[in-house]
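One-based numbering, in listed order, for ligands and for the atoms of each.
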Amino acid sequence: MTGVPYLSSRLQGFGTTVFAEMSALAVATGSVNLGQGFPDYPGPPEVLEVARAAIGTAADQYPPGPGIPELRAAIANHHQRFTGLGYDPADEVLVTAGATEALTAALLALLDPGDEVVLFEPMYDSYAAAVAMAGGVVRPVPLRPPADGHGRWSFDRADLAAAVTPRTTLLLLNTPHNPTGKVFTAEELATLASLAVAHDLLVLTDEVYEHLVFDGARHVSLATLPGMRDRTLVVGSAGKTFNVTGWKVGWICGPAALVSAVRTAKQFLTYVNGGPFQPAVAAGLTLPDAYFARAAEDLQYRRDVLVRGLAEAGLPVISPEATYFATVDVRPVRPDGDGLAFCRSLPQRAGVVAIPTVVFYSAGNAALGRHLVRFAFCKSDAVLAEAVERLAGMSGKESA
Ligand SMILES: *Cc1c(COP(=O)(O)O)cnc(C)c1O
């Protein structure tokens with residue numbers, strides 16, 4: 001047998017990630033790390049204070065399996081406030097160890113071996129591994145970058161139609177989308193909703209960037225479209241909204257029968273997590289609308305700083321409509337269009353670390369993302385300024 005020793009056949013191919021390689025390179029070269037997507041500034045004090053005060057109390061012990069009632073109520077109210085959808089905190093809301101566990105538990109709960117999952121790529125790196133752990137099969141639909149670098153990433157309806165087979169049971173959507181920064185449009189969501197209804201698919205939608213949208217773009221949950229609430233599980237997380245990615249408090253909401261299935265898997269993964277963080281996240285979800293608007297504005301400003309810096313360094317940027325990430329086309333400075341090689345040499349050349357977008361594609365579509373690189377801009381003013389200055393000093397064309 002070939003492959004990684006000891007690793008089960010289900011997980012072959014998921015052995016090492018480029019994130020570890022790039023983070024190690026950042027440390028070794030003293031580079032500014034714009035690879036991993038986590039903020040280097042703290043969350044709102046109203047949220048942090050609640051967690052501090054909860055430590056040393058009964059909140060340190062196992063919370064109830066579905067999450068503390070206060071947090072489940074806050075999640076339901078937050079949904080009502082921002083999407084208009086009502087979920088019953090008693091049996092339609094489940095608190096999880098981050099969005100990652102919500103997604104994995106849902107896939108483990110809902111998929112039988114051989115069941116197919118339609119999703120878009122590039123895709124968040126846990127999706128394919130979680131589908132594999134559940135014994136499912138990924139059917140990727142490529143998102144194509146805007147041809148001239150302006151406008152939106154889009155998908156071909158024929159690609160979508162071709163991905164659906166009689167074995168398809170689930171559609172997995174991520175909007176706003178990592179790594180592209182795309183916000184799926186009303187028209188695209190309508191296409192997806194009618195596909196789900198026509199093929200009687202379950203839908204799992206990852207909306208961890210729901211509040212981090214720019215320029216007046218609007219995030220719409222697929223669950224709000226006609227016929228969708230009853231077949232859709234919506235995943236959210238505190239990490240991205242409140243700058244607390246290490247807390248790993250997420251949630252999943254949907255009709256009681258689906259949430260009950262997810263709970264069955266979840267109770268044997270972590271059972272529960274984040275005792276003192278649960279009341280803190282409840283406080284965060286209860287913050288006024290202005291907090292959420294300000295979080296988006298603040299990040300939009302950081303996006304603008306990085307996008308301008310990248311453009312001035314001679315790198316064409318696809319400016320994102322949402323999320324933490326901007327995408328660069330390396331071809332002007334790297335004629336062979338090898339984004340992975342670009343990222344491997346960037347720490348030496350410029351003292352900056354980024355992630356090659358190719359790692360977010362399955363092997364079959366890797367060519368589509370070969371020339372693209374993802375930079376994170378959820379960083380402090382000083383770090384962004386340093387990165388921009390270093391990129392500006394990058395010398396001319398790199399030989400392939
Ligand atoms: C960060 C991220 C997650 C993981 O969220 P956690 O709450 O940290 O588990 C899931 N999906 C996407 C698209 C992300 O960017």
Where does ligand 1 get N/O contacts under 3.5 Å from the protein, atom by atom?
unit_1: ligand 1; atom_1: 7 (O); unit_2: A99; atom_2: N; d: 2.8
unit_1: ligand 1; atom_1: 7 (O); unit_2: S237; atom_2: OG; d: 2.6
unit_1: ligand 1; atom_1: 8 (O); unit_2: K248; atom_2: NZ; d: 3.2
unit_1: ligand 1; atom_1: 9 (O); unit_2: A99; atom_2: N; d: 3.1
unit_1: ligand 1; atom_1: 9 (O); unit_2: T100; atom_2: N; d: 2.9
unit_1: ligand 1; atom_1: 9 (O); unit_2: T100; atom_2: OG1; d: 2.6
unit_1: ligand 1; atom_1: 9 (O); unit_2: K248; atom_2: NZ; d: 2.7
unit_1: ligand 1; atom_1: 11 (N); unit_2: D206; atom_2: OD2; d: 2.6
unit_1: ligand 1; atom_1: 15 (O); unit_2: N178; atom_2: ND2; d: 2.9
unit_1: ligand 1; atom_1: 15 (O); unit_2: Y209; atom_2: OH; d: 2.7
unit_1: ligand 1; atom_1: 15 (O); unit_2: K240; atom_2: NZ; d: 3.0

**Prompt:** Does R152 count as lying over the ring of F184, i.e. NZ or CZ under 6.0 Å from the six-ring centre, within 45 degrees of the axis?
**Reply:** no

**Prompt:** What class does the angle between the rings of F155 and F120 fall in, given that below 30° is parallel, 30 to 60° is tilted and above 60° is perpendicular?
**Reply:** tilted

**Request:** Would you kindly check if the NZ (Lys) or CZ (Arg) of K248 is within the cone defined by 45 degrees around the ring axis of F277 and under 6.0 Å from the six-membered ring centre?
**Result:** no

**Request:** Taking only Lys NZ, Arg NE, NH1 and NH2, and the carboxylate oxygens of Asp or Glu, determine whether K182 and E188 approach each other closer than 4.0 Å.
**Result:** yes

**Request:** Determine, using the 4.5 Å side-chain heavy-atom cutoff (strictly less than), whether F214 and V307 are members of one ILVMFWY cluster.
**Result:** yes

**Prompt:** Has R334 got its NZ or CZ under 6.0 Å from the middle of the six-membered ring of F342, at an angle within 45 degrees of the ring axis?
**Reply:** no

